[in-house]
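Each chain gets a letter, A, B and so on, in the order its sequence line appears, and its residues count up from 1. Side chains are part of it too, since the values below use all heavy atoms of this structure and drop only hydrogens, waters and symmetry mates.
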There are 2 protein chains.
Amino acid sequence: MSWTESKQNRHPGNYVPKQPLHIECSIEKALDVIGGKWSFLVLRELFGGTKRFGELQRNISSISPKSLTDTLRHLEENGVLERTAYPTVPVTVEYTLTPKGEDLHRMLKEMKLWAAKWC
Amino acid sequence: MSWTESKQNRHPGNYVPKQPLHIECSIEKALDVIGGKWSFLVLRELFGGTKRFGELQRNISSISPKSLTDTLRHLEENGVLERTAYPTVPVTVEYTLTPKGEDLHRMLKEMKLWAAKWC
DNA sequence: CAGTATCCCTCCAGATACTG
DNA sequence: CAGTATCTGGAGGGATACTG
C-alpha cells in the first residue's frame, strides 16, 4: 500500500541524526502507527472491544470504506490489531486489538494528560 | 496558515463521538502538535536547548526554509515554543521551548518506550 | 541571518459506484 | 457484509530566487 511507503518517506533519507538513531526512529514508528488521520479513532473504538467493519464504519460516521480499509490494513501490518474472517454467508469479519495494540493505551493516556494540562 | 486549518479539519465535523468529548479532542490536539512531518525533529533539537533558525536548518539537513518556517510557526501558535528576535545586524532569532513544550517530553518518552518494547 | 515569494507537482483523501 | 475500483481536487512540500 502506498500509505506505508509514504509514511516511511516522511523523513527523507538524507537526514542524519546526531544522537542515537533509535530515539527518533522509535518515535517515528509510534507516530506512524497512531499518527494517521483516522488511526486513533479506530483504536479508540477497539479499546472498547472487538468490532466488525460495519460497526466501525457506523461509529466513525464520516469515514469512507476506503479510508477505513486503509487504516485497518495499516494497523494490521503494524501488528496492533488482528483481522478474523468467519466463513459465514455473508462473510463476517472481526477486528481485535493485539497485546501490542492494547499497550498503546499508556501512550494515548499521556497525550490526553498533556492536553488536559495545557489545552 | 493553511496547515493549522487543514489539521483542524482532519476529523470532519460530522463525526460525533459517543464517549466524553475531551478524550479524543485532547489526543487530537496532541497529535496536531507533534504529528506534523517535521515537528518532532524540531522539538528534539530544542530539547537540547535554545537554537537559532540556521542551526535548525543545518541540523535537520533535508528541511527547506519554507517547511522549517511553517513548522516553527505552527509550534509557536500552539504555545510549545517561543520566538525571540534580537535587533542585531544582521538579525538574530532564537527558538526556545516553553514549559508547555518541555512537558511534551513525557509523551515522547512513552512513545519511545512503546516502540522499544514492540518494534 | 532569517526568512518571503512563487512556481510546480506529487500524491493522498474523499466520493462514488460496483462486487464476491 | 465487507470490502474493491476508479476518478478527482487540492493541500503539502520541494526547489529556487529574492530581501529587510
Let me know the distance between [atom1] of [X] and [atom2] of [N], rounded to the nearest Å.
| X | N | atom1 | atom2 | answer |
| --- | --- | --- | --- | --- |
| A:Ile63 | D:dG3 | CD1 | P | 12 Å |
| B:Phe53 | C:dA2 | CZ | C1' | 6 Å |
| A:Asp70 | D:dA2 | CG | P | 17 Å |
| B:Lys37 | D:dA11 | NZ | P | 18 Å |
| B:Leu68 | D:dG14 | CG | C1' | 14 Å |
| B:Leu72 | C:dC1 | CG | C1' | 14 Å |
| A:Arg83 | D:dC1 | CZ | P | 16 Å |
| A:Arg58 | D:dG3 | CZ | C1' | 14 Å |

Among all residues two or more places apart in sequence or in another chain, which pass the salt bridge (Lys or Arg N to Asp or Glu O under 4.0 Å) test with B:Arg106?
B:Asp103
Salt bridge (Lys or Arg N to Asp or Glu O under 4.0 Å) against B:Lys109, all qualifying residues, sequence neighbours excluded
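Listed in chain order: nothing, the list is empty.
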Does a nitrogen or oxygen in the side chain of [X] sit under 4.0 Å from OP1 or OP2 of [N]?
| X | N | answer |
| --- | --- | --- |
| A:Tyr86 | D:dA2 | no |
| B:Tyr95 | C:dC1 | no |
| A:Trp38 | C:dC12 | no |
| A:Arg73 | D:dT4 | yes |
| A:Arg52 | D:dA2 | yes |

Which pairs pass ring pair (Phe, Tyr, Trp, His ring centres under 6.0 Å) with one or both residues in residues 81-100 of chain A, sequence neighbours excluded?
none
Output all residues satisfying side-chain contact (heavy atoms from CB on, under 4.5 Å) with A:Glu76, sequence neighbours left out; order by chain, then residue number.
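Here the qualifying residues are A:Arg73, A:Leu81, A:Arg83.
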List the residues meeting side-chain contact (heavy atoms from CB on, under 4.5 Å) with A:Thr98, not counting sequence neighbours, and say none if there are none.
A:Glu82, A:Lys100
If a protein heavy atom is under 4.0 Å from the base, mark B; if only from the sugar-phosphate, S; if neither, -; do that for nucleotides 15-20 of chain D going 5' to 3'.
B-----
Using both pair distances under 3.5 Å as the test, note the stems of at least 3 consecutive Watson-Crick or G-U pairs that include DNA chain D.
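For DNA chain D the paired stretches long enough to count as stems (3 pairs minimum) are C:1-20 with D:1-20.
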Going by the salt bridge (Lys or Arg N to Asp or Glu O under 4.0 Å) test, which pairs reach into residues 49-60 of chain B, not counting sequence neighbours?
none
Using the test side chain to side chain donor-acceptor pair (under 3.5 Å), find all partners of A:Thr92 that sit at least two apart in sequence or belong to another chain.
A:Thr88
Are any non-hydrogen side-chain atoms of A:Pro65 and A:Gln57 less than 4.5 angstrom apart?
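In short, these two side chains touch, coming nearer than 4.5 Å.
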Are side-chain heavy atoms of A:Trp114 and A:Cys119 found at a separation under 4.5 Å?
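Contact flag for A:Trp114/A:Cys119 side chains = yes.
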